[in-house]
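Just so we're on the same page: letters track the sequence lines, and every chain starts at 1. Just so you know, these numbers use all the heavy atoms, side chains as well, and skip hydrogens, waters and symmetry mates.
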There are 2 protein chains.
Amino acid sequence: MGDAVDLLLAQWARERPDLDVWPMGIMGRISRLSRLLDRELKEFFAAYDLERWEFDVLATLRRSGPPYELTAGALNRAAMVTSGAITNRIDRMASKGLVERVPDSGDRRSIRVRLTERGLALVNEVLEPHIANEARLLASLDPRERDHLAAALRTLLASLGDTTLG
Amino acid sequence: MGDAVDLLLAQWARERPDLDVWPMGIMGRISRLSRLLDRELKEFFAAYDLERWEFDVLATLRRSGPPYELTAGALNRAAMVTSGAITNRIDRMASKGLVERVPDSGDRRSIRVRLTERGLALVNEVLEPHIANEARLLASLDPRERDHLAAALRTLLASLGDTTLG
DNA sequence: TGGTGTTATTTCAACGTTGAGATTATCAAT
DNA sequence: ATTGATAATCTCAACGTTGAAATAACACCA
């Protein structure tokens, strides 16, 4: 029961038996999984005419609670992208009627991005099937394995300084 | 000692206590880790005037063993990108003198991409410090945690069908 | 109240990938 | 040999991100 990374490790063991390449067993798997899972999510969201990044923005606003609005800066920290990318995303989603820009009364440099009624309805509609789809993708792990996996990933993220959503 | 995903889960628990969003604890962490680790690797490779994708191509060829050559198709399956992306990468690396295209004697549709001497020397030079850098990024895990983590990720990858490098 | 440094957003050119189509070659069966 | 289906690579326009510069507003303190 091996995966593509087992093959990679076997190749290195043959070519460079002097090196212990164990980190590749983790780094390579995180990288490949991220790509595979992205593809699956992309396919899922296509059924709702949504890009994955659109759902991410909707979900970030939704889970922030009423009035479902955040500054552009908070959104780009949550999405781990640059400010230019967030400006672009807000533009596109605003023209689709999913979010709207509202002025920030406390700070005129800031804008607040708010879910429209349509955006709120859409994220509420998609959320449950999305979680069910994610659960399907993770179904090969039993509950104990899931917990251990989540705990190890948390340790790693925290050690890399990922402790805030902005 | 929490991470950004713990905050995300807490937000969902407050906003949608009726839903069990556990899959996000794994999917969200894989996605964020992948981005963070990519940034770290990018920074590391910059010291060698290398893009991360360039190193990936060099390493894929290197670990395939002498004569250090693979078809374009094998490279794009290993890298999990489309054929157009690989054509572009080969072009750029060939003009940098790191690889060369050689005809495939058995199949004239195929090309074989071979490490040049310079490419081979470069990957040999970078390999050890790269692994040391990866080990540093994973230093927060003790050896037992590493093994469990790698095993869980392997289970997931295999269940998603990632069982070959092409 | 003026000056200096910092922060939030937008703009834009450069970059790399995708996805689809075009081209050329192989394979299987007739 | 010819046809049709499949496969490998290349081409290219569309897309979204990055990274840096521009703009505007805030904060602090002299």
Side-chain angles (χ1 to χ4, degrees), chain A residues 31-32 34-36 38-43 45-46 49-57 69-96 98-114 164-166, chain B residues 31-32 34-36 38-43 45-46 49-57 69-96 98-114 164-166:
Chain A
S31 171
R32 293 185 76 85
S34 180
R35 277 184 174 278
L36 280 174
D38 274 356
R39 279 187 206 162
E40 296 278 350
L41 295 188
K42 178 190 182 75
E43 193 174 340
F45 287 122
D49 265 308
L50 267 181
E51 299 294 326
R52 201 214 154 159
W53 58 261
E54 292 180 300
F55 177 78
D56 285 342
V57 172
E69 60 177 49
L70 291 170
T71 63
L75 283 175
N76 79 44
R77 283 185 294 277
M80 302 180 86
V81 295
T82 59
S83 59
I86 279 296
T87 295
N88 184 29
R89 291 181 180 189
I90 296 168
D91 286 349
R92 302 160 76 76
M93 293 181 71
S95 71
K96 252 177 112 170
L98 299 175
V99 301
E100 55 191 348
R101 283 183 170 88
V102 299
D104 184 314
S105 47
D107 184 342
R108 276 180 303 174
R109 290 169 305 177
S110 270
I111 59 152
R112 301 187 72 81
V113 179
R114 179 153 60 197
T164 168
L165 281 167
Chain B
S31 170
R32 292 185 76 87
S34 181
R35 277 183 174 279
L36 280 174
D38 273 357
R39 278 188 206 161
E40 296 278 353
L41 294 189
K42 179 189 183 75
E43 193 175 339
F45 287 123
D49 264 309
L50 268 180
E51 299 294 327
R52 202 213 154 162
W53 58 261
E54 291 180 299
F55 177 78
D56 285 342
V57 172
E69 62 178 45
L70 291 170
T71 62
L75 284 175
N76 79 45
R77 284 186 294 276
M80 302 181 86
V81 295
T82 59
S83 61
I86 280 295
T87 295
N88 185 28
R89 291 180 180 188
I90 297 168
D91 286 348
R92 302 161 76 77
M93 292 180 72
S95 71
K96 251 177 112 170
L98 299 174
V99 302
E100 56 191 347
R101 282 182 169 88
V102 299
D104 184 314
S105 46
D107 183 341
R108 275 180 304 173
R109 291 170 305 180
S110 271
I111 58 150
R112 300 187 73 81
V113 179
R114 178 153 60 199
T164 166
L165 281 168

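- When rounded to the nearest whole Å, the span between CG of B:Leu50 and P of C:dG16 equals 13 Å.
- For B:Lys96, the salt bridge (Lys or Arg N to Asp or Glu O under 4.0 Å) criterion is met by B:Glu54, not counting sequence neighbours.
- For the helix from C:dT1-D:dA30 to C:dT30-D:dA1, the rotation axes defined at the first and last 5 base pairs enclose an angle of 20°, given to the nearest 10°.
- An OP1 or OP2 oxygen of C:dG19 is reached within less than 4.0 angstrom by a side-chain nitrogen or oxygen of A:Lys42.
- Here the straight-line distance linking atom CG of A:Leu98 with atom CG of A:Leu50 works out to 7.0 Å at 0.5 Å rounding.
- Look at A:Arg108 and you'll find a side-chain N or O under 4.0 angstrom from OP1 or OP2 of D:dC26.
- The side-chain contact (heavy atoms from CB on, under 4.5 Å) test applied to A:Asp56 returns A:Arg52, not counting sequence neighbours.
- Taking atom CD of residue A:Glu51 and atom P of nucleotide D:dA14, one finds them 17 Å apart after rounding to whole Å.
- Ranked by how close their nearest DNA chain D nucleotide is to the 5' end, A:Val81 and A:Gly106 are led by A:Val81.
- Between A:Trp53 atom CH2 and D:dT18 atom P the separation is 13 Å, expressed in whole Å.
- Regarding A:Glu43, its CD atom lies at a distance of 11 Å from the P atom of C:dG19, rounded to whole Å.
- Residues forming a side-chain contact (heavy atoms from CB on, under 4.5 Å) with B:Asp107 (at least two apart in sequence, or on another chain): B:Asp104, B:Arg109, B:Ser110.
- The side chain of B:Arg92 contributes no N or O atom lying less than 4.0 Å from OP1 or OP2 of C:dC15.
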Across nucleotides 4-12 of chain C, 5' to 3', mark each nucleotide with B, S or - according to how protein heavy atoms within less than 4.0 Å reach it. ---BSSBB-

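- A:Arg32 pairs by the salt bridge (Lys or Arg N to Asp or Glu O under 4.0 Å) definition with B:Asp162, not counting sequence neighbours.
- The CZ-C1' distance, from B:Arg52 to C:dT17, rounds to 15 Å in whole Å.
- The side-chain heavy atoms of A:Glu40 and A:Leu36, taken from C-beta on, include no pair separated by under 4.5 Å.
- Atom CZ in B:Arg89 sits about 12 Å away from atom C1' in C:dT18, given to the nearest Å.
- For A:Arg114, the side-chain contact (heavy atoms from CB on, under 4.5 Å) test picks out A:Glu69, A:Glu100, A:Val102, with sequence neighbours left out.
- Evaluation of the salt bridge (Lys or Arg N to Asp or Glu O under 4.0 Å) rule for B:Glu43 yields no partner, not counting sequence neighbours.
- One atom, CG of B:Asp38, and another, P of D:dG19, lie 12 Å apart when rounded to the nearest Å.
- Taking the side-chain contact (heavy atoms from CB on, under 4.5 Å) definition, one finds that A:Arg101 meets it with A:Thr87, A:Ile90, A:Asp91, A:Ile111, sequence neighbours left out.
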